[in-house]
Every structure is written in C-alpha cells, then in structure tokens.
**Student:** 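Dumping the structure here so I can ask a few things about it.
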Amino acid sequence: QVQLVESGGGLVQAGDSLRLSCAASGTIFSIDTMGWYRQAPGKQRELVASITKGGVTRYADSSVKGRFTISRDNAKNTVYLQMNSLKPEDTAVYYCNAAWVVTTRGGSAYWGQGTQVTVSS
C-alpha cells in the first residue's frame with residue numbers, strides 16, 4: 001500500500017513563503033513523476049508543477065513561474081514545493097500526486113490527502 005503524506009501548509013500573509021513536502025511510503029521500486037496540484041473553492045483541480053525522476057520540471061501556469069520551485073529527493077521518495085511571494089490567489093488545497101509508482105503489485109498513480117494553504121491580504 002502506497003501512501004502520500006503532505007505537510008507544510010498553513011495560514012500566511014501575502015508576500016510570505018511556505019514549503020510543502022510530500023513523502024511517499026510503502027514498498028516502492030520507482031516513481032516516475034511527482035507533482036503538486038491545487039484546488040481553490042469552486043474551481044477544478046489544476047496542475048501547479050511536476051518533476052520527473054530525472055529532474056525535468058514543468059510549471060503549468062505563468063503565475064507561479066519565478067515564485068514556486070519544485071524539487072525532489074529520489075532517495076526519500078519526497079517532493080517539495082517552495083512557494084515564495086505568496087498571493088491571496090494562491091489560496092487553495094494543495095495535493096501531491098505520484099505517477100507512475102511501481103510496487104510489487106505493479107504500477108499506479110496516487111494522491112495525497114491535501115494540505116490547506118491560505119494567504120491573507
């Protein structure tokens with residue numbers, strides 16, 4: 001059984017920084033891509049950033065480029081999202097995603113439970 005456990009969310013003021021972490025646990029042989037998504041109230045879940053096992057990054061929206069940085073530690077099966085210069089519009093539940101996770105049972109994708117990020121103006 002694979003679990004993704006997120007941490008690092010919270011309530012901050014505009015301009016502050018937060019660092020989200022997501023650790024995958026279980027009998028994992030490899031994880032291809034890890035990423036962060038977010039879902040604001042009344043909106044669909046959207047990709048924020050992703051990173052491959054080889055370190056290739058993708059930022060889905062120009063609004064986070066230059067402010068957010070995704071990184072990962074393959075040895076720890078952990079992905080991070082450093083968020084700087086936070087804005088009220090960054091307020092959302094942030095979800096970690098891991099795909100393609102290869103275990104003794106084959107491959108699949110997994111989601112974390114989500115962590116709330118609230119940015120006050």
**Student:** For E89, which residues count as a salt bridge (Lys or Arg N to Asp or Glu O under 4.0 Å) partner, sequence neighbours excluded?
**Tutor:**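 E89: no salt bridge (Lys or Arg N to Asp or Glu O under 4.0 Å) contacts found.
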
**Student:** For Q44, which residues count as a side-chain contact (heavy atoms from CB on, under 4.5 Å) partner, sequence neighbours excluded?
**Tutor:**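 Q44 satisfies side-chain contact (heavy atoms from CB on, under 4.5 Å) with no residue once adjacent residues are dropped.
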
**Student:** Distance from T52 atom OG1 to R72 atom CZ, nearest 0.5 Å?
**Tutor:**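 Atom-to-atom, T52:OG1 and R72:CZ are 7.0 Å apart.
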
**Student:** Could you give me the CA-CA distance, side-chain angles and deciding distance for W111 and C96, then say whether side-chain contact (heavy atoms from CB on, under 4.5 Å) is met?
**Tutor:** CA-CA 6 Å; W111 289 93; C96 174; over 6 Å; no

**Student:** Excluding sequence neighbours, so at least two apart, what forms ring-ring contact (aromatic ring centres under 6.0 Å, His included) with W100?
**Tutor:**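 Partners of W100 under the ring-ring contact (aromatic ring centres under 6.0 Å, His included) test: none.
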
**Student:** Show every salt bridge (Lys or Arg N to Asp or Glu O under 4.0 Å) that has at least one partner inside residues 32-56, sequence neighbours left out.
**Tutor:**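 Found R38-E46, R38-D90.
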
**Student:** Might you confirm whether atom CD of Q3 has over 12 heavy atoms from other residues, nucleotides or ligands at distances under 6.0 Å?
**Tutor:**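 Count not over threshold, so no.
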
**Student:** Name the atoms and distances for all side-chain donor-acceptor pairs under 3.5 Å in residues 9-30, with sequence neighbours left out.
**Tutor:**
| from | atom 1 | to | atom 2 | distance (Å) |
| --- | --- | --- | --- | --- |
| D16 | OD2 | Q13 | N | 3.1 |
| S17 | OG | N84 | OD1 | 3.0 |

**Student:** Below 4.5 Å, heavy atoms only, C-beta onward: do Y80 and T69 meet side chain to side chain?
**Tutor:**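 Y80 vs T69: side chains apart.
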
**Student:** Contact between V93 and Y37 at the side-chain level, heavy atoms closer than 4.5 Å - yes or no?
**Tutor:**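 Answer no - side chains too far apart.
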
**Student:** Among residues at least two apart in sequence or on other chains, which ones pass ring-ring contact (aromatic ring centres under 6.0 Å, His included) with Y95?
**Tutor:**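 Once residues adjacent in sequence are excluded, Y95 has no partner under the ring-ring contact (aromatic ring centres under 6.0 Å, His included) criterion.
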
**Student:** Assess whether side-chain contact (heavy atoms from CB on, under 4.5 Å) is satisfied between R58 and T33, documenting all intermediate values.
**Tutor:** CA-CA 11 Å; R58 172 192 173 197; T33 300; over 6 Å; no

